[in-house]
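Note sheet for the following structure.
Sequence lines set the chain letters: A, B, ... in the order given, protein chains first and strands last, and positions in each chain run from 1.
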2 protein chains.
Amino acid sequence: MPTLPIDLPECLVFLLGKAYQKAHADFKARIQPYGLTNMQHLVLEGLWYRQGMTATELGRCLILDKATLSGVLDRMEAAGWIEKRPDPEDRRQMRLYTTKKADALKDELIRERREANEELLADFTTEERVLLKRLLRDLIG
Amino acid sequence: MPTLPIDLPECLVFLLGKAYQKAHADFKARIQPYGLTNMQHLVLEGLWYRQGMTATELGRCLILDKATLSGVLDRMEAAGWIEKRPDPEDRRQMRLYTTKKADALKDELIRERREANEELLADFTTEERVLLKRLLRDLIG
DNA sequence: CCCGTATGGTTCGCATGCGAAGGAGGTCAA
DNA sequence: TTGACCTCCTTCGCATGCGAACCATACGGG
């Protein structure tokens with residue numbers, strides 16, 4: 001059985017990638033049944049925080065490239081999760097709103113997110129949880 | 001200026017994603033000049049650790065899906081970074097080896113990786129660095 | 001020896017993720 | 001008012017990332 005190359009467990013780029021891979025996969029398993037991807041769920045959380053954001057605002061808010069967001073929003077609109085309404089003041093921008101279909105799942109989806117975090121952190125002490133989040137926030141800058 | 005939704009800085013899935021995004025982008029900027037992607041660099045590190053692994057072994061070693069690896073290995077072979085040799089004992093599997101072109105960059109690439117880690121952790125104390133890595137390793141399981 | 005099954009890789013489909021270029025729509029100053 | 005410039009968004013190209021279906025090869029029993 002192959003093991004990890006000696007240095008990789010010391011490489012932060014690698015560790016972050018694999019930790020994200022695991023967190024992403026766990027969360028995916030939870031929200032897949034709702035017909036949503038992780039990214040789509042993230043967009044909904046962003047819009048529940050503030051409806052009517054433009055794509056650029058949402059992208060800044062979620063730290064996402066607008067090129068990436070463009071496709072995500074298209075698919076979400078096609079699937080009926082969000083609505084794009086052109087801003088009457090400035091026809092370049094699209095204002096984004098969640099639909100009733102999405103809002104109906106709001107409580108459940110937020111619960112899934114909380115539980116997913118709980119599950120990921122199950123083996124950590126309270127101090128470790130706080131510390132890990134702080135270190136990651138500091139890393140992001 | 002939009003800010004993060006209240007809960008997201010508490011959401012580990014989100015934090016890990018963004019921390020990875022940053023680490024990945026920083027490392028990409030370092031590796032791009034060599035004509036390599038992060039994933040391709042990772043494959044080289046794996047093979048430098050043990051030459052002649054099969055794709056399945058390498059995938060287990062780097063925690064990668066074989067479907068993902070297949071395309072990566074194709075592009076790396078086409079670009080002359082690695083060689084695939086069919087195993088004479090079992091013609092289903094391919095043994096993987098780095099080429100001279102790759103080996104010539106070995107020291108420099110490993111230095112880039114060390115420096116990238118150093119840069120990411122620049123603002124952390126020694127204790128914090130050790131702790132962050134331990135927490136991430138524990139998370140991966 | 002032959003069939004059923006397991007395994008190693010490839011391929012396809014879909015969803016990110018981002019750099020770069022482009023098109024449509026504003027803005028402002030000459 | 002018109003041309004230079006800026007911004008919002010879309011589109012394209014390329015590289016992951018992974019589930020699922022497939023193909024070729026190996027292996028174990030009968």
Those residues at least two apart in sequence (or on a different chain) that pass side-chain hydrogen bond (donor to acceptor under 3.5 Å, both in side chains) with B:Thr98 are B:Gln51, B:Asp103
Quantify the bending of the helix from C:dC1-D:dG30 to C:dA30-D:dT1 as the angle between its end axes, each fitted on five pairs, to 10°. 10°
Nearest atoms (heavy-atom pairs only) where A:Ala19 meets B:Leu139: CB-CD2, 3.9 Å
Less than 3.5 Å apart, which donor and acceptor atoms pair up between the side chains of residues 116-125 of chain B and the rest of the protein, not counting sequence neighbours?
unit_1   : atom_1 : unit_2   : atom_2 : d
B:Asn117 : OD1    : A:Leu12  : N      : 2.5
B:Asn117 : ND2    : B:Arg113 : O      : 3.0
B:Glu118 : OE2    : B:Arg129 : NH1    : 2.9
B:Glu119 : OE1    : B:Arg30  : NH2    : 2.5
B:Thr125 : OG1    : B:Glu127 : OE1    : 3.4
B:Thr125 : OG1    : B:Glu128 : N      : 3.1

With sequence neighbours excluded, what pairs up with A:Arg85 under the side chain to side chain contact (heavy atoms under 4.5 Å, CB included) test? A:Glu83, A:Tyr97
What pairs of donor and acceptor atoms, side-chain ones from residues 63-75 of chain A against any protein atom, are under 3.5 angstrom apart with sequence neighbours left out?
unit_1  : atom_1 : unit_2  : atom_2 : d
A:Asp65 : OD1    : A:Ala67 : N      : 2.7
A:Asp74 : OD1    : A:Lys84 : NZ     : 2.7

side-chain hydrogen bond (donor to acceptor under 3.5 Å, both in side chains) with A:Arg91: which residues, sequence neighbours excluded? none
B:Leu15 to B:Leu8 - nearest heavy-atom pair and separation: CG-O, 4.4 Å
Would you mind building the protein contact string for nucleotides 7-12 of chain D? One character per nucleotide, 5' to 3', B for base within reach (heavy atoms under 4.0 Å), S for sugar-phosphate only, - for untouched. BSBBB-
Check: A:Val13 and B:Leu42 side chains under 4.5 Å, non-hydrogen atoms: no
Could you list the residues that satisfy side-chain hydrogen bond (donor to acceptor under 3.5 Å, both in side chains) with A:Tyr34, not counting sequence neighbours? A:Glu108, A:Glu112
What are the bounds, 5' to 3', of the part of DNA chain C that sits under 4.0 Å from heavy atoms of chain A? C:dA15 to C:dG26
Closest contact, heavy atoms only, B:Leu36 versus B:Ile31: O-CG2, 3.1 Å
Tell me, please, which residues at least two apart from A:Tyr20 pass ring pair (Phe, Tyr, Trp, His ring centres under 6.0 Å). A:His24, B:Tyr20
For A:Arg111, enumerate each residue passing the salt bridge (Lys or Arg N to Asp or Glu O under 4.0 Å) test, keeping only those at least two apart in sequence or located in another chain. A:Glu115
Go through residues 26-41 of chain A and report each residue with a non-hydrogen atom lying under 4.0 Å from DNA chain C, sorted by number. A:Thr37, A:Met39, A:Gln40
